[in-house]
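Worksheet: the structure to be examined is printed underneath.
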Protein chains: 2
Amino acid sequence: MLPCPFSPGGPLTKREQTWLRIVRAAQALCLDRGFDGFTLDELAEASDVSRRTLFNYFPSKVDAVLGGGETPDLLHPDPRQPHLVEATELFRRGGPHGRLLEDLTALSRVLVDGAHPDRSLARSQRAILFATPRLLGEVHERFLAAAGTLVALVREREPELDEGRGRLFVRLLVAVFDNAVETWVEQPDDDPRTLADVFETHLEDAVHLLHP
Amino acid sequence: MLPCPFSPGGPLTKREQTWLRIVRAAQALCLDRGFDGFTLDELAEASDVSRRTLFNYFPSKVDAVLGGGETPDLLHPDPRQPHLVEATELFRRGGPHGRLLEDLTALSRVLVDGAHPDRSLARSQRAILFATPRLLGEVHERFLAAAGTLVALVREREPELDEGRGRLFVRLLVAVFDNAVETWVEQPDDDPRTLADVFETHLEDAVHLLHP
DNA sequence: ATTCTGCACTATTTCTACAAGAGTGCAAAA
DNA sequence: TTTTGCACTCTTGTAGAAATAGTGCAGAAT
């Protein structure tokens with residue numbers, strides 16, 4: 001029932017327009033009054049749909065403000081998100097390069113960027129996260145869940161990676177991600193780097209730091 | 001005013017005896033009734049000191065239960081803990097081996113083991129952490145603080161490590177530590193590995209996972 | 001001389017009940 | 001097929017009171 005954030009290319013469908021209208025209103029309200037400073041009734045009014053319809057688009061207030069879809073499950077990617085299906089299939093077959101870390105980086109990029117269908121949304125998202133540290137926790141949780149499925153996928157490709165190491169791997173990825181988010185959120189407004197860019201840089205940094 | 005957990009070797013001083021009595025009582029109460037199931041008045045009575053004296057030994061209830069001293073500052077180590085002073089001095093001068101990762105492992109060991117002066121304490125600590133997940137958060141915070149000073153020390157030795165990477169490094173260490181704690185806590189009761197052992201193993205695992 | 005203790009104090013936390021808002025199920029309307 | 005209204009549950013915030021955590025200090029005890 002919940003839609004993917006955007007179908008690529010072409011004019012926006014009616015549903016996509018409504019989706020955008022809601023997110024924009026939610027972000028405006030959030031920037032204006034803070035996350036707890038507005039109710040869903042107000043958001044419904046501001047975006048010109050019924051309160052009930054909001055939940056037709058977003059499972060929660062947080063999702064509306066963050067403009068996120070469901071957290072992707074890379075093990076069983078949603079067929080409505082063909083780029084996800086494609087990327088995971090490629091990875092399963094030995095990834096774009098054949099070296100785990102690089103392939104993982106590529107896959108992470110798909111994952112991280114999935115939350116940012118639109119440049120202008122990304123920008124206000126940054127402002128909101130900056131103003132509402134509480135939401136950082138939510139972002140963390142979402143990535144944590146996604147990273148779990150990511151590592152599950154890795155373990156299919158690399159069976160010698162046992163569960164314990166998999167868990168550790170998740171934690172490392174999440175640590176890099178959290179750091180990337182923190183950096184990205186504090187970035188000056190005209191810095192063009194996306195969250196995925198920063199994540200990739202930090203992942204490389206992590207590799208160097210732990211290089212024997 | 002607060003003492004180091006133990007002076008090495010020899011018979012226990014009066015202060016050390018009292019320290020132990022308090023910790024034992026605190027752990028017993030905690031295992032028996034849960035962390036929130038007893039008051040400091042009760043702990044005072046059980047360990048035969050006045051309530052006020054408890055705070056002479058531990059800055060908080062959590063510290064009493066965990067049997068921890070202050071979180072060590074590796075940049076300015078407490079002179080009353082000579083092994084810390086020694087280890088940091090050695091590290092500053094180029095560490096035991098001269099390779100950052102190995103020296104870091106050695107230093108981390110000192111840090112992690114510092115919280116476990118005694119085998120039997122470590123064992124009940126494990127049981128308590130298992131039964132009271134809430135305390136895991138406290139343990140995390142303590143290590144986070146300590147890791148901060150650890151990385152500050154590293155940055156003195158390796159000036160090309162900028163602040164951003166330092167922050168990332170802290171996060172990675174904390175991730176490894178959290179994973180180690182989780183593993184250690186779930187360990188069967190007769191498993192002789194200390195937390196520091198597990199931490200070291202996981203740090204090595206992390207290095208391999210991020211090996212290009 | 002140092003550590004312990006009682007006591008008076010402040011600061012958090014917990015509890016209760018209640019209100020407000022988040023989130024769901026369903027059937028009729030668009 | 002999507003939207004909407006409505007009735008519903010569940011979680012979270014609020015306010016005030018009680019319990020408990022934690023502090024400062026001066027005198028007692030060792």
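Proteins come first, then strands; the chains are lettered A, B, ... in the order of their sequence lines, and each starts at number 1. Atoms considered below: every heavy atom in the structure, side chains included; atoms not considered: hydrogens, waters and symmetry mates. Because the structure is a prediction, the values reported are computed rather than measured.
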- Message: Can you see whether Y57(A) has R15(A) sitting over its ring - NZ or CZ less than 6.0 Å from the centre and within 45° of the normal?
- Response: yes
Distance below 4.0 Å between [X] side-chain N/O and [N] OP1 or OP2:
{"X": "R15(B)", "N": "dC4(C)", "value": "yes"}
{"X": "N56(A)", "N": "dT2(D)", "value": "no"}
{"X": "Y57(A)", "N": "dT2(D)", "value": "no"}

- Query: Would you say the side-chain atoms of R51(A) and T39(A) include a donor-acceptor pair closer than 3.5 Å?
  - Reply: no
For the pair made of [atom1] in [X] and [atom2] in [N], what is the distance, rounded to whole Å?
{"X": "F35(B)", "N": "dT20(D)", "atom1": "CZ", "atom2": "C1'", "result": "11 Å"}
{"X": "D41(B)", "N": "dT5(C)", "atom1": "CG", "atom2": "C1'", "result": "13 Å"}
{"X": "L54(B)", "N": "dT3(C)", "atom1": "CG", "atom2": "P", "result": "16 Å"}
{"X": "E16(A)", "N": "dT2(D)", "atom1": "CD", "atom2": "C1'", "result": "15 Å"}
{"X": "L40(B)", "N": "dT5(C)", "atom1": "CG", "atom2": "P", "result": "15 Å"}
{"X": "Q17(B)", "N": "dT30(D)", "atom1": "CD", "atom2": "P", "result": "16 Å"}
{"X": "F55(A)", "N": "dA22(C)", "atom1": "CZ", "atom2": "P", "result": "7 Å"}
{"X": "L43(A)", "N": "dA20(C)", "atom1": "CG", "atom2": "P", "result": "20 Å"}

Nucleotide nearest [X] when distance is taken to its side chain, options [options]:
{"X": "R51(B)", "options": "dT5(C), dG22(D), dA21(D)", "answer": "dG22(D)"}
{"X": "T53(A)", "options": "dC4(C), dT4(D), dT5(C)", "answer": "dT4(D)"}
{"X": "S60(A)", "options": "dG5(D), dG23(C), dT20(D)", "answer": "dG23(C)"}

- Using modelled atom types only, decide if a donor and an acceptor are shared between the side chain of R126(A) and the backbone of P188(A) within a distance under 3.5 Å.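 Here the side-chain-to-backbone pair exists.
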- Note on the structure: Result for 5'-nearest mapping on DNA chain D, choosing between R52(B) and K14(B), is R52(B)
- Task: Could you pick out which residue, R134(B) or D48(B), lies toward the 5' side of DNA chain C when each is mapped onto its nearest nucleotide?
- Result: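 Mapping each residue to its closest nucleotide by heavy atoms, the 5'-most match is D48(B).
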- Determine whether T71(A) and E141(A) make a side-chain contact, defined as any pair of heavy atoms from C-beta on separated by less than 4.5 Å. no
- Taking the side chain as every heavy atom from C-beta outward, state whether L203(A) and L173(A) have any pair of such atoms under 4.5 Å apart.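 Counting from C-beta outward, L203(A) and L173(A) do come under 4.5 Å.
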